[in-house]
Amino acid sequence: MTAHIIPPLNPPLPFPDRAPLLRAEGLTRGFKGRGGLLGRGHEVLALRGVDFALARGEAVGVVGESGCGKSTLARVLLHLTPASAGRVLFDGQDLARLPRRQLRALRRRMQLVFQDPFASLDPRRSIGDQIADGILIHHLAAPAEAQARVADLLAQVGLDPAHAGRLPHEFSGGQRQRIAIARALSTDPDVLVADEPVSALDVSVQAQVVNLLKDLRTRLGLGLIFISHDLHVVRHLCDRVVVMYLGRVVEEAPAAALFAQPRHPYTQALLAATPSMHAAPGARAVLSGEMPSPANPPSGCAFRTRCARAQPACAEALPELLPAGPGRRLACPPALADLAHGAAHA
Amino acid sequence: MLAFALRRTGIALVLVWLVATLVFLVIHLIPGDPAELLLSQGGVAPDPAAVAELRERLGLDLPLIQQYFTYWVGLLHGNFGTSLQDDHPVAAEIALRLPRTLELIGGAAVLALAIGMPFGTAAALRVGGRLDRVASVIAGVALSVPVFVVGTLAILIFAQKLGWVSAGGYVPLAQNPGRHLALLLMPAGTIAVGLAAVVFRVTRSSVLEVLGRDHVRAAQARGVGPRLIILRHVLRNALSPVLTVVALHLGALLGGTVLVEYVFNWPGLSGYLVRSVEARDYPEVLGIVLAISILFVFLNLVVDLAYAALDPRVRHA
Amino acid sequence: MSASLASPRFHRLVLPGALLALVLLTVAAAPLLPLADPVKQQVSERLSTPSLGHLLGQDEYGRDVFSRIIWGGRVSLSVSILAAACAGLIGTLLGLVGGYFRGVVELMSVRLAEVVLCFPPMLLALLVVTLLGPGAVTLVLVLTILFTPGYARVAYAETLSARTLDYVTAQTALGATSARVLFRTVLPNIAPPLLVQFSLTVAAAMMLESGLSFLGLGVVPPSPSWGLMIRSARSVMEQAPLLLLWPCLALAGTVLLLNVVCDRLRDVMDPRGAAMGVIPGFLRRARSAALPQATTEPAPSLVRIDNLTLSLKTPAGPLNVVRGVSFGVAPGETVALVGESGSGKTLTALAVMGLLPPVVTPAGGSIRFSRRDGTVADLLHLPEGQMRRLRGNDLSIIFQDPSASLNPVHRCGKQVAEAIRAHGGGMTGEGSARAAKAKVVALFRRVGLPDPERRAGAFPHELSGGQKQRVMIAAAVANTPRLLIADEPTTALDVTVQAQILDLLADLKGESGSGRGQEGKDTEGKDTTGMGLLFVTHNLAVVRQIADKVVVMYAGEVVEEGPVAEVFARPRHPYTAALLASAPESEAEELTAIPGTVPSPAALPPGCRFAPRCGFATPACDSTPPASIEVAPGRIARCIRWMEVA
């Protein structure tokens, strides 16, 4: 189905000294498109061959615009949506090949926080019950002790443990997001995947949740995959950043390096387009057009249709993600050529 | 649009095949010997000779595949079987009676839409007002009265007590158009009562829902006048759900004709069906059920296509 | 359950519910009641009128009608309820499993059940009756077969939407088994529509059962049944019309009760479905044009909002959600109105357009606007007809969600042309359509839509989000408005597209001021004709990019106003200062988070609305709301400690 995408195996780990906890190779995920005479069009690929790795205790940000596949990536990494091709290894175990029972047991170690705090809690059950779910499912505590654990978790996320009996609608958006985080922490996970956890919150509350995540990360040694369209938050929270465009990773680098020196033309455009409170208004390079539909991606480099540096060759081959400096990888032949040229001169 | 229409027609044809096959299988699906079952009356075991004869007549003694093949060859030649009672071909009777049933349904639909849509719209535009409250109560009652009760009471009041119309019957259009239409009015009106209530409710809630949509506010922000907003941005969009619900009620509508034709002595397809069921004339029942079901599938196809014509998103999907 | 037991919706359920319970109890207790034998014939007493011994009289065989009604109801209701319960059980299971597992399971469960829907229900019933012969068992079987697919469909659709809900996904992510997810999380959450479906099914089953009995193909005589009673009363309806009436009343009344209970139940379970009982603004009759004309204030250069108060109708009484808001927009100026959700910024903008939602009404203040012809009007008190002439003409607005703002069934060009044609533009008659079309294409080109001729003929769903917003902008600027309001116009868009739209707006504004020669400037060389832009947003960074002046709102009040550069450099209200500091742009290791949450308008702090979250709060802040203070020319802050801030 996707013969033209050959996933390079064993992607180089940016942190070779740290053991890879979660590792994905050549992830591809298609969704059934509509259309055609019989009502079944071709597949629309939300992910087109993504390699990903997370070291123990590392925080990786995944950024990109809507439709780039970042939310799908979050779900495929957790095997909530199975990959159409490629594989996800958690602590060396292929999630797709694990027996159901073992997969469920493994889920204890990887948890998810959603974007919309109003949709992520069951409206009919008390928040204490929902937080206790994880503890009871994995038998982490006797039912009698679960309540104490719930109270402890609520306190950890900065909520009053006395409120465990309340229903979700009695809480504000920010508080619900804390509850959702407490629920995710209930199984004592190694990795937390947060899918746009602050973008649905009030501006004045966002910083609270960002600080909470940062605090939990250092305190619990939690690995974090932080999906966001907000570059500023990612920069604040993450060690490493992965930039996605139309289902593929275009650039990957340590956070500081990426923001200081973006190399992919798309990353550069994304940074330029992000308004800043500190910069005075002025002329900035504005990217033309919009991301093409994933149902009909351009040949070769998907970004070439909007890229100022596009060359005829960009339309031919899918650019490979290649090493570009310490801990960095880049999928743009012209930019890579520049780098090589610069290195040769140095 | 063409691809959409072709696809829908394809699905409809598959459904027709499914329906026909199912109708064919019904007799084989029930436990026991169908011929024996058909001939048994009040627990008395039927005469074995009669059973054997019926088996042969219905072709039940042949292998299933061969029966199925013969069945389809017959269908494709327009052969819907012959009556057990008088050997009359079922297809001929259907051809005679189907137009009368269609006329009934058409009349009822026109009446229901003509009453339900304007009142539904008016009620939504003045939601909570007097018209809205009164009409909603009436619709609630109309929905709760079974169609044969409406028909029977209509005969009692309009035919027996007031003597305005005759209690029922049928005169061919060619023979006396005025009388034909007068006789059509009561049965069609009876079916229309419940349907109009449905149309009223859906129109009302659909218009209310569209009124609250952003694009209506946007049209208002452009300075478009109220009349144009209602026509172009509210009613046009509110039409699709009305159509959907009417389509969903097509089945009930076709069922309603069974009762109404019986009540008013309207010689349509459904009256024929009731008579066949009473006589347990199995081939006749199968033929009629098949004919009406195919009609049902195609009516749904028409609604689907109308739906696509109304909403550009559907035909591009 | 979203509605509490004390809600008025629940109260509306009590009476029909109680009546229905009474009916059910009566028929259930029929054997215990002192009723006459329903099948005992007394031919000598046939068709006798009501008497003490026979409350409703006797039928054509002299049987007691009252007793027959109750015993008949027992048969009808038990058949219907039994069938509805069987169908409910099977259908729910099929739908639940089919919707959750999809794929082959779906095909084998829901899709298979749906084959039944290919037949009109009455016909299928007749077909089965032909084969099995009439009787109560056949009826239950037939009705179960008929109503199972309906249930399966409802359960399937609900499960399908529930399984993608985040809280269901969260259960899977926690490691719960499928059975636990289905029965602990999905089933309780899809129960309300299934319950509604149950009462609906009982009513439908009764209709069908009585119909079959009426045809003589349902309940077998001499067992009483309402359908059968109507059938037999029909033959004697000339002599005894009352005999027909009783079963008709009983049947219709019970179905009506079931339907009413079902409707009310739906309202209780799903409040979204309940009508609001309010008439949209554009349908309201024009307000009395009692204009408070005697104002001594100088005419505003473009628009001046003074002391605007907006009130929200709630079940607990009116609630002022916007209080005492004052600010102005000058020609050629870009004013940003910033605030969080619930701050009242969008309502303020809608009040200027006269497009407030029906539940919000102005409770005080004025919005004075100087029209193109030089006259000044108070937009809060302008009759709807005059307001309409301003909308899309002198005054325009762009909304947040371009996908919802375009009517999906009309072509984009047609919708933009509406703005042109609504305001005449000197075009009438034959040529107007063509002229409007040419203007639309020119506008589309102007807002940067590629291939404008084709886009004009496109339906909204054929365009991307950014393109749709360009279409909305084209409609808004079609009549070169004096004031353009943009309500979060880029929030629904990606950041690279946001940058494009912000540039386009700046561009359009610049163009409106220049190119009009010297007559566009007053004596001081200030721009007097350029388009004013009121930009509503929650994003401070966007404010920094495009606005000249910023108005900060918190909990329905303006807390700070001033030139953008000054406010960003030196905020004078703790809220503004805290917002600026909490933005993740700062290099600090820990973000300065604002504690607490935005107060609900129903429970505002008595003093300063920000005091409970404020680092500068003193006891004085908690007692009385502070007044707006002009802290410098053109700078306003609503804080008693403004001098110490920042």
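Every value quoted in this text rests on a predicted model; they were computed, and no experiment measured them.
- Taking every heavy atom of both residues into account, S288(A) and Q500(C) meet most closely at C-NE2, 3.5 Å.
- Considering only heavy-atom pairs separated by less than 4.5 Å from chain C, the leading option among H79(A), M291(A), E65(A) is E65(A).
- Side-chain contact between E290(A) and D494(C): absent, with no pair of heavy atoms (C-beta onward) separated by less than 4.5 Å.
- When all heavy atoms of A541(C) and P275(A) are compared, the closest pair comes out as CB-O, 3.3 Å.
- R101(A) does not touch chain C: none of its heavy atoms, backbone or side chain, sits under 4.5 Å away.
- Ranked by heavy-atom pairs under 4.5 Å with chain A, the list V564(C), N539(C), T177(C) is led by T177(C).
- Heavy-atom neighbours of chain A within the stretch residues 164-176 of chain C, taken at a separation under 4.5 angstrom, comprise D166(C), Y167(C), T169(C), A170(C), Q171(C), T172(C), A173(C), L174(C), G175(C), A176(C).
- For V210(A), the part sitting under 4.5 Å from any heavy atom of chain C is the side chain, from C-beta outward, and nothing else.
- Under the 3.5 Å distance criterion, with hydrogens and angles disregarded, no donor-acceptor pair is assigned to the side chains of Q175(A) and T597(C).
- When heavy atoms are compared at a cutoff of 4.5 Å, M110(A) approaches chain C solely by way of its backbone atoms N, CA, C and O.
- In this structure, no portion of S293(A) lies under 4.5 Å from any heavy atom of chain C.
- Annotation: side chain of L591(C) is not in contact with side chain of K214(A) (no heavy-atom distance under 4.5 Å).
- R125(A) is not listed as a side-chain neighbour of P188(C), based on a closest heavy-atom distance of 4.5 Å or more.
- Within the 4.5 angstrom heavy-atom criterion, atoms from both the backbone and the side chain of S66(A) approach chain C.
- Contacts of S600(C) with chain A are absent, with no heavy-atom separation under 4.5 Å from either backbone or side chain.
- Comparing I137(A), D122(A), D215(A) by heavy-atom pairs within less than 4.5 Å of chain C, the highest count is held by D122(A).
- Contact count versus chain C (heavy atoms, under 4.5 Å) is highest, among V233(A), L237(A), L112(A), for V233(A).
- Only the side chain of Q111(A) comes within contact range of chain C, with heavy atoms under 4.5 Å apart.
- Pairing each heavy atom of D133(A) with each of R180(C), the nearest pair is OD1-NH2, 2.8 Å.
- Residue with the most contacts toward chain C among H229(A), H138(A), Q130(A), R100(A): H138(A) (heavy-atom pairs, distance under 4.5 Å).
- Contact count against chain A (heavy-atom pairs under 4.5 Å) is highest for V495(C) among L579(C), T185(C), L540(C), V495(C).
- At a heavy-atom separation below 4.5 angstrom, chain C is approached by D202(A), V203(A), S204(A), V205(A) within residues 190-206 of chain A.
- The minimum heavy-atom distance linking S582(C) with A207(A) is given by the pair O-CB, 3.6 Å.
- With a 4.5 angstrom heavy-atom cutoff, L78(A) does not touch chain C via any of its atoms.
- Both the backbone and the side chain of V542(C) come within contact range of chain A, judged by heavy atoms closer than 4.5 Å.
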